[in-house]
Structure formats: structure tokens, C-alpha cells
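Structure record follows, encoded as C-alpha cells.
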Amino acid sequence: MNLVTLLVAFPAAGSLLAPIGAMRGRATAAWTAALSMAMSLGVLAVLLPSVLAGNVMEYRRPWIPHMEWELAFRLDGLSLAFCAIVFAVGLLVVLYAHYDLPRTDRLGRFLGLLLLFAGGHDGSSVGR
């Protein structure tokens with residue numbers, strides 16, 4: 001698995017795990033969502049030197065071969081900047097929501113939708 005695929009996989013996994021974590025408590029849901037965002041930022045930090053050197057990270061895999069469709073991700077400088085903004089702001093929103101949303105609100109659902117949004121934005125940034 002390529003590191004670029006992890007940029008899409010971490011928010012997707014977090015969007016499934018945050019609502020499940022909410023069954024154990026608000027803190028578990030918030031930590032799950034924050035960890036998903038932080039791990040995505042960590043992957044970006046690992047890829048940053050290579051992208052700043054001018055390299056473009058690509059991942060391609062046949063998806064539906066008889067229709068010539070493929071799953072393809074591409075990370076260059078611009079998409080790295082967009083992904084960094086999405087994950088950094090997302091991490092701040094997760095922390096803010098954990099401490100500020102009333103206990104009557106469904107934090108797990110909110111965080112799951114937030115991670116889906118972050119993953120979708122990230123997927124549109126790195127997708128080909």
C-alpha cells in the first residue's frame with residue numbers, strides 16, 4: 001500500500017470508528033477522530049520532503065479492467081497544501097467540538113460526518 005492511499009484511508013476508517021467510539025463515550029469518539037486527522041497529517045509530514053523536492057507521488061491500480069477504469073491518486077505540491085489545510089482545520093474542529101458541543105448533541109455522528117467530508121475533500125484533491 002502506498003502512503004498516498006493512506007491519506008484517503010485514515011479519514012474513511014475514522015468516519016466509521018468515531019460513531020462506534022461514541023458508544024463508549026464522547027472522549028473516545030473525539031480521540032478516534034483526532035487520531036485519524038493527526039495520522040493523516042503525519043503521512044503528509046513524511047511525504048513533504050519528497051514533494052518539496054519536486055517529486056509527484058502517484059498510485060494506480062486497475063479497478064474495473066474491462067472498462068479501463070483505474071483507482072488513481074496523485075500528490076503534488078498543490079494537493080499537499082490542500083490536504084494539509086483540510087486535516088489541520090479538521091483537527092481543530094474535532095477538538096473544538098469535543099469541548100464545546102452540548103452533551104445532548106450526537107458528537108459521534110457529527111465527527112463521523114466531519115471525517116467523511118474531510119476524506120471527500122482529500123479524495124478530490126489527490127484523485128485523478
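Starting from 1, each residue takes its place in the sequence as its number. Side chains included, hydrogens not; waters and symmetry mates left out as well; all remaining heavy atoms used.
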* Short question: side chain of Ser40, backbone of Ser36 - any donor-acceptor pair under 3.5 Å? -> yes
* Asked: Do Leu116 and Ile85 share a hydrophobic cluster (ILVMFWY, side-chain heavy atoms under 4.5 Å, transitive)?
  -> no
* **Under the side chain to side chain donor-acceptor pair (under 3.5 Å) test, residues paired with Thr28 that sit two or more places apart** => none
* Pairwise distance CD(Glu68) to CD(Glu70) - rounded to 0.5 angstrom -> 9.5 Å
* Going from CG on Leu35 to CG on Leu91, what distance comes out if it is rounded to the nearest 0.5 angstrom? -> 10.0 Å
* Structure fact -> Scanning both residues in full, the closest heavy-atom pair of His98 with Ala27 reads CE1-CA, 3.7 Å
* Test log, rule side chain to side chain contact (heavy atoms under 4.5 Å, CB included), inputs Val126 and Tyr59 -> CA-CA 10 Å; Val126 298; Tyr59 175 80; over 6 Å; no
* Asked: What heavy-atom pair brings Ser79 and Arg74 nearest, and what distance separates the two atoms?
  -> OG-O, 3.7 Å
* Structure fact -> Nearest heavy-atom approach of Thr32 to Ala18 is CG2-N, 3.9 Å
* To do: Give a yes or no on whether Val89 and Val94 share a hydrophobic cluster (residues Ile, Leu, Val, Met, Phe, Trp, Tyr; joining criterion: side-chain heavy atoms under 4.5 Å apart).
  => yes
* Hydrophobic cluster identity match, Leu80 and Leu52, side-chain contacts under 4.5 Å -> yes
* Structure fact -> Here the gap from Phe82 atom CZ to Leu78 atom CG, rounded to the nearest 0.5 Å, amounts to 4.5 Å
* So which heavy atom on Met37 is nearest to which on Gly90, and how close? -> CE-CA, 3.8 Å
* To do: Would you name the heavy atoms of Glu58 and Asn2 that are closest together and state the gap between them?
  => O-ND2, 3.0 Å
* Under the side chain to side chain donor-acceptor pair (under 3.5 Å) rule, collect the residues that match up with Arg61, sequence neighbours excluded. => none
* So which heavy atom on Phe73 is nearest to which on Val8, and how close? -> CE2-CG2, 3.7 Å
* First locate atom CG of Leu75, then atom CG of Leu48, and finally report the distance between them rounded to the nearest 0.5 Å. => 9.5 Å
* Asked: Do Phe117 and Leu41 share a hydrophobic cluster, counting only Ile, Leu, Val, Met, Phe, Trp and Tyr and linking them when any side-chain heavy atoms are less than 4.5 Å apart?
  -> no
* Could you state the interatomic distance from CG (Leu6) to CG (Leu44), rounded to the nearest 0.5 Å? -> 10.5 Å
* Do the side-chain N and O atoms of Asp122 and Ser125 include a donor-acceptor pair separated by under 3.5 angstrom? -> no
* Is there side-chain contact between Met57 and Leu3, with heavy atoms separated by less than 4.5 Å? -> no
* So if you build clusters from Ile, Leu, Val, Met, Phe, Trp, Tyr with side-chain heavy-atom gaps below 4.5 Å, do Val46 and Met39 land together? -> yes
* **Short side-chain to backbone donor-acceptor contact, Ser15 and Ala12, under 3.5 Å** => yes
* **From Leu115 atom CG to Leu17 atom CG, the distance as rounded to the nearest 0.5 Å** => 9.5 Å
